[in-house]
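The first residue of the sequence shown is numbered 1, and numbering continues consecutively from there.
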Amino acid sequence: MLAVGDSTELEIIFDTKAVKGKASKSPSISTNEGPPVKNVRINADVIERPDSTYPIIIDPYKLDLSQFSEKVIDEKEFTITNVSDQPVELTIVSMPRGLFDLKLPDSIKPGKKAKGKLELRKEAYTESIEKSVTIEVSGPDSQTKTRFTLPVKRSLKMAEATPPPKPQSKPKGTP
């Protein structure tokens with residue numbers, strides 16, 4: 001329940017595992033204010049081969065911070081390649097709050113590569129995560145904009161520590 005004049009965030013997840021090519025979804029949001037139902041339209045172009053996107057290619061295109069031992073995996077670097085003949089500018093459009101920080105270059109020249117880095121915040125060290133970050137790429141005229149969404153996954157699969165078995169003591173006089 002929200003008080004009058006208050007606000008909150010609403011997370012809508014568009015799972016594209018079974019989708020290829022152009023797709024759209026229209027989730028409905030019901031409230032007790034105004035029209036009974038509000039519709040949101042999400043349009044996506046799900047690229048089957050992420051190594052063929054334009055105007056940039058992100059490698060790896062999925063960021064995995066999964067942890068399989070006591071050592072905390074708290075960052076993941078990735079490379080962004082500008083495959084166009086124009087400079088591009090990068091901005092963060094959306095990212096879950098409180099889980100990680102994303103460092104991007106402001107711009108990349110045509111044909112050049114730059115590094116990005118996703119850093120896990122300490123508050124999220126004990127969490128398993130399946131989220132995403134979305135960045136926007138603008139051309140030199142700032143009119144042409146393309147959005148890229150990077151899946152971010154973190155699984156915690158650490159083995160339980162079990163003490164070794166205690167050696168059995170032998171009665172005196174036995175070999």
Side-chain angles (χ1 to χ4, degrees), residues 9-27 29 39-158:
E9 282 189 7
L10 177 66
E11 182 178 47
I12 298 173
I13 298 171
F14 182 3
D15 187 348
T16 60
K17 288 179 186 159
V19 178
K20 292 182 177 120
K22 295 192 182 293
S24 57
K25 298 285 181 176
S26 298
I29 301 169
N39 291 312
V40 177
R41 186 158 193 78
I42 302 169
N43 295 316
D45 191 0
V46 182
I47 306 294
E48 195 170 352
R49 292 189 51 225
D51 61 344
S52 62
T53 57
Y54 186 85
I56 64 169
I57 295 173
I58 301 172
D59 183 35
Y61 62 92
K62 294 179 182 178
L63 305 179
D64 193 343
L65 297 167
S66 293
Q67 183 175 329
F68 300 103
S69 67
E70 294 297 318
K71 184 177 186 293
V72 175
I73 308 299
D74 62 352
E75 65 180 44
K76 183 74 171 183
E77 284 194 346
F78 53 97
T79 303
I80 305 167
T81 305
N82 180 352
V83 293
S84 76
D85 60 356
Q86 299 290 317
V88 294
E89 294 179 1
L90 307 172
T91 54
I92 300 169
V93 175
S94 72
M95 183 170 66
R97 288 187 202 196
L99 296 178
F100 34 76
D101 296 309
L102 183 64
K103 295 180 180 178
L104 292 174
D106 292 330
S107 62
I108 306 173
K109 293 181 180 180
K112 299 294 181 186
K113 296 181 179 187
K115 292 282 185 188
K117 186 192 287 188
L118 182 85
E119 295 177 340
L120 186 68
R121 290 187 179 176
K122 286 187 171 128
E123 305 89 63
Y125 279 10
T126 59
E127 293 187 46
S128 290
I129 299 168
E130 281 196 45
K131 299 288 183 182
S132 62
V133 296
T134 301
I135 62 172
E136 187 168 79
V137 180
S138 301
D141 59 4
S142 296
Q143 299 290 332
T144 309
K145 295 182 180 187
T146 306
R147 290 185 175 189
F148 291 80
T149 299
L150 293 138
V152 178
K153 178 182 177 183
R154 177 173 171 77
S155 297
L156 298 175
K157 297 179 183 174
M158 294 177 285

Please table the atom pairs, donor to acceptor, closer than 3.5 Å between any side-chain atom in residues 84-98 and protein atoms at least two apart or in another chain.
| from | atom 1 | to | atom 2 | distance (Å) |
| --- | --- | --- | --- | --- |
| Ser84 | OG | Asn82 | OD1 | 2.7 |
| Ser84 | OG | Gln86 | N | 3.2 |
| Ser84 | OG | Gln86 | O | 2.9 |
| Arg97 | NE | Glu9 | OE2 | 2.6 |
| Arg97 | NH2 | Glu9 | OE2 | 2.4 |

Side chains of Ser66 and Lys157, donor plus acceptor under 3.5 Å:
no
Is there a donor-acceptor contact under 3.5 Å linking the side chains of Thr134 and Thr149?
yes
Nearest heavy-atom pair of Leu99 and Lys131: which atoms, and what distance?
CD1-CG, 3.9 Å
Around Phe78, counting heavy atoms of other residues, nucleotides and ligands shown, do more than 12 lie under 6.0 Å from its CZ?
yes
Pro105 versus Ala114, closest heavy-atom pair with distance
CG-CB, 3.6 Å
Go through it in stages, so that I can follow the logic: the residues are Gln67 and Val72, the test is side chain to side chain contact (heavy atoms under 4.5 Å, CB included), and I'd like the CA-CA distance, side-chain angles, deciding distance and then a yes or no.
CA-CA 6 Å; Gln67 183 175 329; Val72 175; 4.0 Å; yes
Is it the case that over 12 heavy atoms from other parts of the model lie below 6.0 angstrom from the CG atom of Asp106?
no
Under the salt bridge (Lys or Arg N to Asp or Glu O under 4.0 Å) rule, what do Glu130 and Lys153 come out as? Steps first, then yes or no, please.
CA-CA 5 Å; Glu130 281 196 45; Lys153 178 182 177 183; 5.7 Å; no
List for me each residue that meets salt bridge (charged side-chain N to carboxylate O under 4.0 Å, His left out) alongside Lys113, sequence neighbours excluded, and say none if there are none.
none
How close do Pro60 and Leu150 get, heavy atom to heavy atom, and via which atoms?
O-CD2, 4.2 Å
Of all heavy-atom pairs between Tyr54 and Phe148, which one has the smallest distance, and what is that distance?
O-CZ, 3.6 Å
